[in-house]
There are 2 protein chains.
Amino acid sequence: MSVVRLVLASASPARRRVLTEAGITPIVQVSQVDEDALTAELQPIGPAELALALARAKALDVAAHFAGRDDTLVVGCDSVFDLDGIAYGKPLTSDVAIDRIRSMSGRTGHLHTGHWAIRGNRSTGTTTTTGLTFAELSEEEIIGYVATGEPLNVAGAFTLDGHSAPFIRRIVGDPSNVIGISMPTMRDLARDLGLSWPDLWTST
Amino acid sequence: MSVVRLVLASASPARRRVLTEAGITPIVQVSQVDEDALTAELQPIGPAELALALARAKALDVAAHFAGRDDTLVVGCDSVFDLDGIAYGKPLTSDVAIDRIRSMSGRTGHLHTGHWAIRGNRSTGTTTTTGLTFAELSEEEIIGYVATGEPLNVAGAFTLDGHSAPFIRRIVGDPSNVIGISMPTMRDLARDLGLSWPDLWTST
């Protein structure tokens, strides 16, 4: 049994799945943060700093419901894909996804995930960065991939654990960070807040 | 609809899951190769060469059932974890797993997966290597992790997508290779055998 329950301040099914596979069934409580408004307010800001600021805002919003509780770890995350210093979020439409994937073909970018963790009255956070090198893609692959619908709602128009897995030639860093929540980073933050990692396991 | 069906010559649920997540539902047909006997016969041999030889033997055994068929891609894989040039397979017992994980703590090793692909009368293969750096682990983490049972039946006594995800600080290379079948490598091999990657998608 876990000593501490993890509350995930994110609606992302990918983040929930990474945690569940790692033996932690989170309580999901989505924040009411207006990400677009906050992003506009914070400009100018770099991609890594933006991800951290959004993660912090989400965690703080949800933590208000668990004020001062030591048996709860509230976690906010935000992921941004960075190609040549420009931050890319979700493409949302097929045309944008096709353009973006064409521009990534054969190149290296960085996925930043901001993490913010709150336990009781203590709070800590960091942005973790993973480098990704894309294969040279054919038009058939790009059009076929976008037709799956998968890239439309993910930061940077690709995922590491879906149809685009074969298109990512190599990464440098932590793979769970690319999916949206870095497990080694979470372990570091939990330790900063006085927890041993097995305290968080809900299933063994 | 796929043009070519992928036949996976492996019983590994992790390999099947990687393929399925990438949109390819494989036909699973386990080979009759005696891996221990073949490993003994091939000695002395390095970890990367061993993985390729075992992958090739499994693929050839299963491909005999699909002789000359261009609409079938038979794939064999074998994974070996390499720490200081010594190959480690599945630990099988808790005591072996605990010793092994203690020895990996804070260090860097390499996961080699041999891949062999056969289509019609053509055949090709390669070993792909991913570097992994482990976090410094506490005894509580090591004992607790082994108690989950997860490391006992996986090459090297860890997985990238399970309870041990937080213990792997970074990787250099392809993450699906660590799980047991490298998707970018499979794309390269499929191309060598005259296939475009979308030809293999069974779901989009």
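Throughout, protein chains are lettered first and strands after them, A, B, ... in sequence-line order, and every chain is numbered starting at 1.
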| Under a 4.5 Å heavy-atom cutoff, which of A/Leu132, A/Val178, A/Thr130, A/Asp188 has the most pairs with chain B? | A/Asp188
| Which atoms of A/Leu160 approach chain B - backbone, side chain, both or neither, heavy atom under 4.5 Å | side chain
| task | Go through A/Met183 and B/His163 one step at a time and tell me if the side chain to side chain contact (heavy atoms under 4.5 Å, CB included) criterion holds. | result | CA-CA 10 Å; A/Met183 289 292 94; B/His163 282 75; over 6 Å; no
| said: How about CD on A/Gln32, more than 12 heavy atoms from neighbouring residues, nucleotides or ligands closer than 6.0 Å, or not? | reply: no
| query | With chain B, which of A/Ala165, A/Ser182, A/Gly149, A/Gly131 has the greatest number of heavy-atom pairs at distances under 4.5 Å? | reply | A/Ala165
| query | Is the shortest heavy-atom distance from the side chain of A/Leu137 to the side chain of B/Arg187 under 4.5 Å? | reply | yes
| Which heavy atom of B/Trp197 sits nearest a heavy atom of A/Pro166, and at what distance? | NE1-CG, 3.3 Å
| message | Less than 4.5 Å to any heavy atom of chain B: does that hold for the side chain of A/Asn177, its backbone, both, or neither? | response | neither
| said: If you count heavy atoms of other groups shown closer than 6.0 angstrom to CZ of B/Arg15, is the number above 12? | reply: yes
| query | By a 4.5 Å heavy-atom criterion (distance strictly below it), what part of B/Ile171 contacts chain A: side chain, backbone, both, or neither? | reply | both
| request: Specify the closest pair of heavy atoms between B/Glu140 and A/Asp199, including all atoms of both residues, with the distance to one decimal. | output: OE2-OD1, 4.1 Å
| message | Quick check for you: among B/Ser138, B/Gly173, B/Ser196, which has the greatest number of heavy-atom pairs under 4.5 Å with chain A? | response | B/Gly173
| said: Give me the atom names and distance for the closest heavy-atom approach of B/Ile168 to A/Asp174. | reply: O-OD1, 4.3 Å
